[in-house]
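Everything below concerns the one structure shown next.
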Amino acid sequence: MIEFHFKSDLLLEDKSNYADWIDKIIESEGFQTGQVDFIFCTDEYLLQLNQEYLNHDTFTDIITFDYTDDKTISGDIFISTDRVEENANEFKVDSLNELRRVMSHGILHLAGYGDKSKDEVKLMREKEDEKIKMFHVEP
């Protein structure tokens, strides 16, 4: 089950479209969906988590807590909507597109993709682009 929680000003319209898209991403990577919670929050909220659980004193756009068991994807994905908006402005992209990039990024982490080395980052970006294209809203 995919659930969305809001601790910032962001409110997703058509949550079912996003849940369907996340399901498609998970299936496309050969997994099944367990419990996945997206928590959309502020910079301050995510900074506190970063300090408390990861001992990092920096802002970030996403923190993923992985509870995946074998081929069942489960986890908590915390996304700073402040960071998403700032990144969208900095990279001159649509903010919803940037939000989808970060959401897919979290799922890809749960599917086992990393982003520490140059090669991992390259593959992660390719996968993010591939997954963003899977988002369709029927007219």
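In what follows, every heavy atom counts, from backbone to side chain, and hydrogens, waters and symmetry copies are set aside. In this text the structure is predicted, and so the values were computed from the model without any measurement.
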query = Which residues pass the ring pair (Phe, Tyr, Trp, His ring centres under 6.0 Å) test with F59, sequence neighbours left out?
reply =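 If we apply the ring pair (Phe, Tyr, Trp, His ring centres under 6.0 Å) test to F59, skipping adjacent residues, there are no hits.
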inquiry  = Applying ring pair (Phe, Tyr, Trp, His ring centres under 6.0 Å), can you list everything that pairs with F4, at least two apart in sequence or on another chain?
reply    =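 Only F38 meet the ring pair (Phe, Tyr, Trp, His ring centres under 6.0 Å) criterion with F4.
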[X] and [Y]: which non-hydrogen atoms are nearest, and at how many Å?
X	Y	answer
T72	T68	O-CG2, 3.2 Å
S8	C41	CB-C, 3.6 Å
L99	L12	CD2-CD2, 3.7 Å
M134	I25	CE-N, 3.8 Å

Do we see a donor-acceptor contact under 3.5 Å between the side chains of [X] and [Y]?
X	Y	result
H105	D61	no
D37	H5	yes
S80	D43	yes

Distance (rounded to the nearest 0.5 Å) between L46 CG and T58 OG1 =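 The OG1 atom of T58 is 9.0 Å from CG of L46, to the nearest 0.5 Å.
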Pair E27 + K24: basic N to acidic O under 4.0 Å =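 No, no charged N to carboxylate O under 4.0 Å.
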key: Whether S74 side chain and Q35 backbone form a donor-acceptor pair below 3.5 Å   =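 Checking the backbone N and O of Q35 against the side chain of S74, a donor-acceptor pair under 3.5 Å is found.
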query = Do L10 and V84 have side-chain heavy atoms sitting under 4.5 Å apart?
reply =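 No, their side chains stay 4.5 Å or more apart.
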task = Indicate the ring-plane relationship of Y18 and F135, choosing parallel, tilted or perpendicular according to the 30° and 60° boundaries.
result =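 Taking F135 first and then Y18, their aromatic rings sit tilted (interplane angle of 30° to 60°).
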key: Enclosure of D94 CG (heavy-atom neighbours >12, cutoff 6.0 Å)   =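 Yes, CG of D94 has more than 12 neighbouring heavy atoms, counting only those of other groups under 6.0 Å.
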Y53 atom OH, over 12 foreign heavy atoms within 6.0 Å =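 No.
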I'd like a table of donor-acceptor pairs (distance under 3.5 Å, sequence neighbours excluded) in which one partner is a side-chain atom from residues 118-125, with atom names and distances.
from, atom 1, to, atom 2, distance (Å)
E120, OE1, K116, N, 2.8
E120, OE1, S117, N, 3.1
K122, NZ, E126, OE2, 2.7
R125, NH1, E128, OE1, 3.2
R125, NH1, E128, OE2, 2.9

